Structures are given as structure tokens and as C-alpha cells.
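For reference, the structure discussed in these notes is given below.
Here the structure is a predicted model, which is why all the values come from computation and not from measurement.
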Amino acid sequence: MISRPFLTIVLSMLYMLSLNAQIRVEPPSWWTGMKHPKLQLMVHGANISVTTPQIDYQGVQIESVVKAESPNYLFVNLLITDEAKAGTFKIEFKNKKKTIASYDYILNERVSDPSLYQGFDNSDVIYLLMPDRFANGDPNNDDMVGMLEKADRSNSLGRHGGDIKGIIDHLDYLEELGVTVIWINPLLENNMPKQSYHGYAITDYYKVDPRFGTNEDYKNLVKKAHEKGLKIIMDMVANHAGTEYYWNDDLPMKDWYNQWDEFTRSNYRGITQADPYASEYDYEKMVKGWFDMSMADLNQHNEFMAEFLIQNTIWWIEYLGLDGIRQDTYPYPYKDFMADWMKRILLEYPDYNVVGEVWLDYPSMVAYWLDNKTNHDGYRSYLTNVFDFPLMYALNRAFNEQDGWDKGTLALYEILAQDFLYSNPMNVVVMTDNHDGDRLFTKMQEDIRKFKMGMVFTMTVRGIPQIYYGGEILMAGKEHDGHGHIREDFPGGWPGDEANAFTKEGRTPGQQEAFAFTRRLLQWRKTNEVVQYGEFTQYIPENGVYVYFRHNDDASVMVMFNNTEENREVDFSRFSDNLEGYKKGRSILTRRLVENFDKLVIPAKSPMIVELMK
Ligand code: CA
């Protein structure tokens, strides 16, 4: 027999739980000691707008409460003063004197630890991986209750089961390879009915997709990576969200999304944001058009949406101890919003790095988005890093063409010659390939000699190098065949895989050659300051040979590419300015001493790196 008072307590506890279950408060927690003292809570719950929130906690004040168009939302503006201490406070949502709902809000103490929020720089090499396709560390989470799409490894556009545990399990491998930063395609929930594997249709900005793991797992990944000296870049998406988001059928305000009478796709012409002659029609379509039917275009000119996105970014950085951000589709949201977003990140983390996906063809177009004070229209982005798409396009051509007046390695030379357009060309991220295009080995026509030239170029040119998972073991794939083909499973990442390319024994001779070459290059780069930070001097390609130097007052590295099908004898007299004071060198790739500085033979279709010695 259960006593009545006990039953009452149990029932009232259940009632409270059900109340809490009914409301959603975001951000779900926050920190004391933030530079920006304000916090805007977005509260969602049935008819929550009839309530008045109350907080009784030292240092935390409700400044204002704003109702939305939908009765199911409230925005609560808080001021968190210096007097606020870490702890938990209750937010009571009252209607007259009755508490309709309550929420235990956690304020954590902000941690100041130099091993967190590290940013990235020229000493780093970034490894991009797609978590669904890298390694399946936990087959039990491949299918999860409540998730619309089930795992299907036979479907190249389906979910394959890769997860956070798979990444943690292979941190040793990445350390051995010599990369220093892992950029992971989005890990947040994508509860979409199909093609949810790529992660760019987020359906919960505060939750890791359960098929990848939990928020705690993500945090643990960052911790484990930091223990190995590896950093983590989170892939964020401010432009659009998945149409299966809980708010999709009950938007706080109609203008939460950029709305059109009928579905209107973006024209994908990022240049319209900088074009002095752009028509309003084209600009509007670029910025307000939807990226895809399944990806709703978020309206960052709605101040609540803007604050939601900004706080979400700060929340993840602080929660995870995150080192950097890659922001998707950078020229698609309103550019004034993106500048505000950047400013808020830099306010809290002054040395932070964000690399923007400015996928445009010319250096001038990309340079507009890298922070500078000289844009023609006065726009200042505050963006610290951009990807060098123009240089990647040049790389795609250079080693596949015979050098000529306007062919071959001249493509590289001419793109680099336009670096005067960038406020700081060292801040560009140079990539071999990424998840949206042909893989490096495919672009190099599956010729390992050209693959090596591409790798050496990427690792020794100015900027911050980035490679794409599996490139180091010659994974191939053409974008034209479908995105699944450039995002295949890493062999050995799944239990029962025929071969395990994470281990030497599991690699084919070709894979091992590429892996060993890449590892040698990366491990050398890791310890070589001049190739990381040194000045860059290039010589016009001559006779099919392209030469440049990375140098400072103390050291110099000479990089050569023979882009012909014959062994070439290179006459060094042209480079005397850069060779002055150096008597010999060490070839990094062959480990041989170079003692004759007059003439040197470079084998056909080969790179050569010579570390100069006094
Ligand atoms: Ca799994």
C-alpha cells in the first residue's frame, strides 16, 4: 500500500518532469565571465507566451521578455553581471501566480586553459574527414530509434555508420600520418529522410546526431585529440537548416526563414555580394534563395535568428574547448551578419581562427572575404581565413599540362603572383581536394608521380595546407559520378572490411608508397619552421621546371618541380640571389646530400625539396 502523501510527491515530481520535458530552452546552459554579458534565451513550449519568466539568482537579471508571432515561443533577454557565480538557477514560467513550467539553468565557470581554443596557423596541416565515411567505431549506433533514415552501406548516398568513436579509435593513425588539425564535416543532428550522411541539413543546432554519438562523446574527442597534440575544427552552417527541424511547422516569426511564394533556389553566384554592378534581383536570389529544397534559408536579418546562431557558435566553442571553425557556404548569408558573427567570436577568443568556404574562382573574389580594411564598398568581414579555391583549380591543371607560355605550372605561378590582393596571403588554406570535388589522385589522372608533385606543392607553398581523408592512400573518385564516389568509406574503418588501410599490412604497395611519402612530407614539415612561416619567392617556370624558395634570415628551403617527361638538368645560376650563403643541401624526399650547386638533375615528373645548408 502506497501512502497518500508519498503518492502526491511522486505525482508532483512526475508533473514537474513533464513540464520540463515540454519546454526547450536554448542555449541549454551558459558561462560566467563572458566578455559579452548578455544572453538571449529562446524558449519553446505550448502556449509559453502566456507566461512570465522569473529568476531569483544573484548577478542574473531579466532585462526584457519578447513574444514571437507564434504563441509557442518566448525570447528572454538576460544580463549576467560579474556578480554571477557558477551554479544552477531556476527559471519559473508563471501565469498569474501559478508556475506553468520551470527549467533548471546551469551557469558554468568559464575555463581559462591554454590547451583549449587554440586556433590554427601555418604550422598546422588540416585533415578533412567525413564522419559517416571514416570509421565505424560503434555498429550499435548505426540505426537509432526516432531517426528517419536507416543505415544502408550499399547506397552511396546513404548512411554508412561511421561515428565519433571511429575517429577517436584512429587518432593514433592521424598522429602517425603527421596531420595536426582534424576538420570534421558536421556532426550535429540531421534527422532527414535521405542523404542525411553529409551533415549539412542540421535539425538540431545543440545536439550531436545520435548515430555519431553524444555531445559528451564530441567533447571527449576534443579532449583525446588535445592529449595527442591534435586540434579540432568544427564545421558550422549558418546559411541553412534542415526542413525537418522542429520549428519548421511552427516558426517563431514568419521571417525566421527567407520566404518565397514558391520554392526559389539560390543562383549560387557568391560574387553578387561584391559585384559593384550587381542587380538587386541577382543579389536577392543569391542571399535569400534556398540552397536546396531540404535546406531552409535562415534569415539572419531577423535579430532573434541572428542571436540564436551567434550564441550557438559561442556555446560549442566553450562547451567543447574547440580550436577552430570552418563555416560553410560563406557568401550565402547576409555579409553584415557574418561580420557581426565574426566580431562576437573574436570578442571572446581574440586569437581564434575561422576558415570560410568562399568557393569562388578568382583571387580577387576570394580576397574580398578575407578580413581587410580596403574593400571598394567599405565592407570588412573580420574573417581570419579563407580557402584558396583559385590555387586548387590551378593545381588541378598544372601537372596535367605540358608547361608552355600560358600552360602547366605557370597556372600556379600566376595565381600566387596575385597574392597582393590578399590582406594576408599566409592566412589562406591551400587544399589538395575536399568533399565536394574530384579527389586528388583522380585529378592527377591516377599517376602517383603527379600525386607526389601535388602533395609537395600543397605542403610547401605559402598558407595552411589541408588534405582530404583517404588521399594519403590514393582513394579516388570523380564528383561527376555522384557525391557518394568522392566520399567512400575508408578501407578498414568497418568491422569485417576486406583490407585495413589504417595499417601497413593492410595497404597495397601503391597505397603504402603514397602513405609513406605523405607521412615523410608531413612529419618533416611539422618540424621545419621556414617551410611553415618563411617568405615565399618564386621563379618563372622555365624549360618545364618550376622553382620556389621558402626562406628567412636563418634558413631556406628550395622546392623544384620537373613538369616534363624527361629528366631535366637544372642550371642554378638563375637562383643565385636565393642561394647566397648556402653551400650544400639535403634532399628531403631522397634523404641524399646535394653537394653540387651548379647543376642538378631532377627526374621526369618529379618534385624535389632541398633544405639548404650553410
Ligand atoms: Ca556507428
Side-chain angles (χ1 to χ4, degrees), residues 119-122 124 126 183 233 238-239 267-278 282-283 286-287 324-343 345-346 352-398 410-434 436-437 457-458 460-466 532-538 548 550:
F120 51 84
D121 74 1
N122 296 94
D124 287 307
I126 303 170
W183 155 25
I233 289 181
N239 182 63
N267 53 24
Y268 309 112
R269 296 289 181 186
I271 187 61
T272 55
Q273 291 239 40
D275 175 7
Y277 309 123
D282 289 337
Y283 165 78
M286 170 64 203
V287 177
I325 293 168
R326 179 264 187 186
Q327 178 64 259
D328 191 47
T329 51
Y330 210 87
Y332 288 73
Y334 298 99
K335 64 185 178 188
D336 57 327
F337 164 75
M338 292 314 296
D340 289 345
W341 177 79
M342 273 307 310
K343 280 192 265 187
I345 295 171
L346 294 172
Y352 215 65
N353 290 86
V354 176
V355 54
E357 187 205 17
V358 181
W359 187 347
L360 296 169
D361 297 346
Y362 298 95
S364 54
M365 293 176 165
V366 177
Y368 178 85
W369 293 92
L370 186 63
D371 186 35
N372 65 73
K373 299 183 187 84
T374 57
N375 275 329
H376 64 283
D377 56 359
Y379 178 64
R380 187 166 174 200
S381 71
Y382 295 90
L383 179 62
T384 58
N385 301 83
V386 288
F387 288 105
D388 198 341
F389 279 92
L391 194 59
M392 186 182 76
Y393 289 133
L395 175 62
N396 297 352
R397 284 175 51 195
L410 195 87
L412 302 172
Y413 176 91
E414 285 194 335
I415 292 294
L416 290 162
Q418 295 171 66
D419 269 7
F420 58 84
L421 292 162
Y422 292 112
S423 53
N424 185 354
M426 290 296 273
N427 286 357
V428 303
V429 174
V430 181
M431 67 279 206
T432 48
D433 48 0
N434 66 23
D436 284 323
F457 176 75
T458 306
T460 57
V461 74
R462 57 77 179 125
I464 304 162
Q466 176 247 300
Q532 298 167 359
Y533 300 104
E535 284 178 45
F536 183 83
T537 300
Q538 60 174 348
Y548 56 74
R550 300 299 306 274

Next item on the list: Take Gln418 and Tyr362 through the test side chain to side chain contact (heavy atoms under 4.5 Å, CB included) and record every step on the way to the result.
Entry: CA-CA 9 Å; Gln418 295 171 66; Tyr362 298 95; 5.9 Å; no

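- The cationic group of Arg380 lies under 6.0 Å from the six-membered ring centre of Tyr382 and within 45° of the ring axis, placing it in a cation-pi geometry.
- To the nearest 0.5 angstrom, Lys373 atom NZ is 11.0 Å from Ser381 atom OG.
- More than 12 non-hydrogen atoms from other residues, nucleotides or ligands lie less than 6.0 angstrom from OH of Tyr379.
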Next item on the list: Using the side chain to side chain contact (heavy atoms under 4.5 Å, CB included) rule, take Tyr422 and Asp388 through it: C-alpha gap first, then chi angles, then the decisive distance, then the call.
Entry: CA-CA 11 Å; Tyr422 292 112; Asp388 198 341; 3.9 Å; yes

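- For the residue pair Tyr548/Thr460, the side-chain donor-acceptor check at 3.5 Å is satisfied.
- For the atom pair CZ of Arg397 and CE of Met392, the computed distance is 13.5 Å after rounding to the nearest 0.5 Å.
- The two residues Ile415 and Leu391 make their nearest non-hydrogen contact at CG2-CD1, 3.7 Å.
- Residues satisfying the salt bridge (charged side-chain N to carboxylate O under 4.0 Å, His left out) criterion with Arg269, sequence neighbours excluded, are absent altogether.
- Put simply, the side chain of Tyr352 reaches to within 4.5 Å of the side chain of Ile325, judged on heavy atoms.
- Residues Tyr332 and Trp369 keep their aromatic ring centres 6.0 Å or farther apart.
- Remark: side-chain polar atoms of Thr272 are not paired, donor with acceptor, to backbone N or O of Met286 under 3.5 angstrom.
- Between Asp371 and Thr384, every side-chain heavy-atom pair lies at or beyond the 4.5 Å cut-off.
- Side chain of Asn353 to main chain of Gly324: no donor-acceptor pair is present (N/O by atom type, distance under 3.5 Å, no hydrogens or angles).
- Note on residues 411-431: pairs passing salt bridge (charged side-chain N to carboxylate O under 4.0 Å, His left out), not counting sequence neighbours, are Asp419-Arg462.
- Side-chain atoms of Tyr533 and Asp121 include a donor-acceptor pair closer than 3.5 Å.
- In this structure a side-chain-to-backbone donor-acceptor pair under 3.5 Å is missing from Thr458 to Met431.
- In terms of heavy-atom proximity, Ala238 sits nearest to Met338 at CB-SD, 4.5 Å.
- With hydrogens and angles disregarded, a donor-acceptor distance shorter than 3.5 Å links the side chain of Asn122 to the backbone of Met426.
- With hydrogens and angles ignored, the 3.5 Å screen pairs no side-chain donor or acceptor of Asn375 with any backbone N or O of Gly378.
- Taking a cutoff of 4.0 Å between a charged side-chain nitrogen and a carboxylate oxygen, Lys335 and Asp377 qualify as a salt bridge.
- Residues Leu421 and Ala367 approach most closely at O-CB, 3.4 Å, considering heavy atoms.
- Considering all non-hydrogen atoms of both residues, Glu357 and Pro331 come closest at O-CD, 3.5 Å.
- Within the 4.5 Å cutoff, the side chain of Leu416 has heavy atoms near those of the Val461 side chain.
- Asn267 and Asp282 get closest at one heavy-atom pair: ND2-O, 3.0 Å.
- Taken from CD1 in Ile271 to OH in Tyr283, the straight-line distance is 13.5 Å, to the nearest 0.5 Å.
- Without hydrogens or angle criteria, Arg326 side chain to Gly356 main chain gives no donor-acceptor distance under 3.5 Å.
- Scanning all heavy atoms of the two residues, the minimum distance from Val430 to Gly463 falls at CG2-CA, 4.3 Å.
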Note to self: Using the rule given for side-chain hydrogen bond (donor to acceptor under 3.5 Å, both in side chains), can you reason through Asn239 versus Tyr334, listing the C-alpha separation, both sets of side-chain angles and the distance that settles it, and then say yes or no?
What the structure shows: CA-CA 9 Å; Asn239 182 63; Tyr334 298 99; over 6 Å; no

Check: What's the verdict on side chain to side chain contact (heavy atoms under 4.5 Å, CB included) for Phe120 and Ile233, showing C-alpha distance, side-chain angles and the deciding distance?
Finding: CA-CA 9 Å; Phe120 51 84; Ile233 289 181; 3.6 Å; yes

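- Panel note: side chain Gln273, backbone Val287; no donor-acceptor pair is recorded below 3.5 Å.
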Note to self: Pair Val428, Ile464 - check side chain to side chain contact (heavy atoms under 4.5 Å, CB included), show working.
What the structure shows: CA-CA 6 Å; Val428 303; Ile464 304 162; over 6 Å; no

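- Counting heavy atoms from C-beta outward, Val366 and Pro390 have side chains that approach closer than 4.5 Å.
- At least one donor-acceptor pair closer than 3.5 Å links the side chain of His376 to the backbone N or O of Ala274.
- Between Tyr393 and Phe389, the two ring planes are tilted [angle within 30° to 60°].
- From Tyr368, atom OH reaches atom OG1 of Thr374 across 11.0 Å, with rounding to the nearest 0.5 Å.
- The shortest side-chain heavy-atom distance between Leu383 and Val354 falls under the 4.5 Å cut-off.
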